2 protein chains.
Amino acid sequence: MGKVLRGRSGRRRGAPDTKGEILAAARDVFGERGYDGASVRAIAAAAGVDPALVHHYFGTKEKLFLAAMEIPFDPAIIADAIAAGSSGAGIGERAIRTFLGVWGQPSGRAPMLALLRSAMQHETAARLLRQFVTRAILGRVLVAFEGVPDGALRAEAMVSHLIGLAIIRYVVKLEPIASVSDEELIRLVAPVLQRYYDDAVEQS
Amino acid sequence: MGKVLRGRSGRRRGAPDTKGEILAAARDVFGERGYDGASVRAIAAAAGVDPALVHHYFGTKEKLFLAAMEIPFDPAIIADAIAAGSSGAGIGERAIRTFLGVWGQPSGRAPMLALLRSAMQHETAARLLRQFVTRAILGRVLVAFEGVPDGALRAEAMVSHLIGLAIIRYVVKLEPIASVSDEELIRLVAPVLQRYYDDAVEQS
DNA sequence: CGCATTATTCATCACATGATGAATTCCGCT
DNA sequence: AGCGGAATTCATCATGTGATGAATAATGCG
């Protein structure tokens, strides 16, 4: 496994999307090991390519990371799914449902894990995660909390719970949460999340 | 800053608690950078000591980590504070209150951060965190959830939210959660957490 | 075809890391 | 005073890292 013996130097035949393969490999490896833990060599190996090629395309490891974090799904869609017509009713369930949808499949989980893991080690990545959460997610979810007292705070608290769930379920893999079905988790968490909205509305 | 010029080799005068200083430095640096990011050299420098001394005392970096993670506060006390006579009433507020108490002061925050950060990079540390949460915290909190349907699940969900809060507040430092006062956060989060208990009880 | 451009690998650098073993200095005990 | 052992540092190794520059091979345009 690993290193592909690809014979001698020089350009390969055909028009393989090598840049794309490197990006995919980068997302995988960054996701598994975080920014510092993922070596350029390991990424290159996972892409079946010489390490120098990575630098050829992306210049530096940091630029590769940034390129790899160009989220492969549209955050707007997600945020809109959560906000859903800027109504607060049912926002708890929509939030965790969308969340599990993204994390449930590897194509969504890998970059999220990469971002999360890396944000724990590197201030650069932390800034990136902050931006991502702020602009791409919170900014839109906030429309549902418009006019709600402590809206920003409450929206963030919701997001923080989801992040905590991601860590327990997908990183630390603590049982029984790691193995419980999506639906069961939704049934458990949705009403609790919902309170972040309901609490504020009923007191206003 | 950094490297203390301490002249020549050999034993130092007096009986300084060097081992303890190394442990403290280790907790700091592991906390700031996680397991992989914290180099033995950096820890040694922070302790004002030669790197070889670290190995002399602890043999290997991993053993040092394990030693540093021997939690400096008693998890039993914390867990008991949360469980509080195995009553579920008010458990939400007690949980977040105790949580903020630990994370509020550096002596508690450092090892927790170290554990969290490292768990994101290293399976060894993830296992450690799993153990810690399971035995030291969950095991005792569960008495409050005794007989409650999905007790384990609900207790873990509570913990996951707290972990998420820790990350948003102390690692990613997302505003406004990062700056809000403890009391305000308690007012916001406590009733939501409480629902993990109340929901189960009222349906049984 | 011919030739510049692009894709790819190889060899190599400077540097940081974890670890080890020998040398030096001090302490405690007799 | 003397001696063994513990504490401390120094010099050093093997390894892995990100990065660079030159060499080689295929492509595509004229």
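As the structure is a prediction and not an experimental result, all values here were calculated from the model. Protein chains get the first letters and strands the later ones, always in sequence-line order, with residue 1 at the start of each.
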Quiz item: Arg41(A) side-chain donor-acceptor pair to dG18(D) base, under 3.5 Å: yes

State whether [X] places a side-chain N or O below 4.0 Å from either non-bridging phosphate oxygen (OP1 or OP2) of [N].
X        : N       : answer
Tyr57(B) : dT8(D)  : yes
Thr18(A) : dT8(C)  : yes
Thr60(B) : dG18(C) : no

Does anything in residues 165-179 of chain A pair up under side-chain hydrogen bond (donor to acceptor under 3.5 Å, both in side chains), and if so which pairs, sequence neighbours excluded? Arg169(A)-Asp182(A), Glu175(A)-Ser179(A)

Could you pull out all residues at least two apart from Glu123(A) that satisfy salt bridge (Lys or Arg N to Asp or Glu O under 4.0 Å)? Arg130(A)

For Glu93(A), salt bridge (Lys or Arg N to Asp or Glu O under 4.0 Å) partners two or more places apart: Arg97(A)

So if I take residues 31-39 of chain B and measure heavy-atom distances to DNA chain C, which residues fall below 4.0 Å? Ala38(B), Ser39(B)

Side chain of [X] only, please: which of [options] is the nearest?
X        : options                  : answer
Asp50(B) : dT9(D), dT9(C), dG18(C)  : dT9(D)
His55(B) : dT20(C), dG18(D), dT8(C) : dT20(C)
His56(A) : dT8(D), dT8(C), dT9(D)   : dT8(C)

Closest non-hydrogen atoms of Ala157(B) and Leu188(A), given as atom of the first, atom of the second and distance, are CB-CD2, 4.1 Å

Rounding to a whole Å, what distance do you find between Ile22(B):CD1 and dA7(D):P?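 Spelled out: CD1 on Ile22(B) to P on dA7(D) is 11 Å.
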
Leu53(A) CG - dT20(D) P separation (whole Å): 15 Å

In short, salt bridge (charged side-chain N to carboxylate O under 4.0 Å, His left out) pairs touching residues 33-57 of chain A with sequence neighbours left out are none

What side-chain donor-acceptor pairs closer than 3.5 Å can you find for residues 54-63 of chain B, not counting sequence neighbours?
from	atom 1	to	atom 2	distance (Å)
Thr60(B)	OG1	Glu62(B)	N	3.4
Lys61(B)	NZ	Tyr35(B)	O	2.9
Lys61(B)	NZ	Ala38(B)	O	2.9

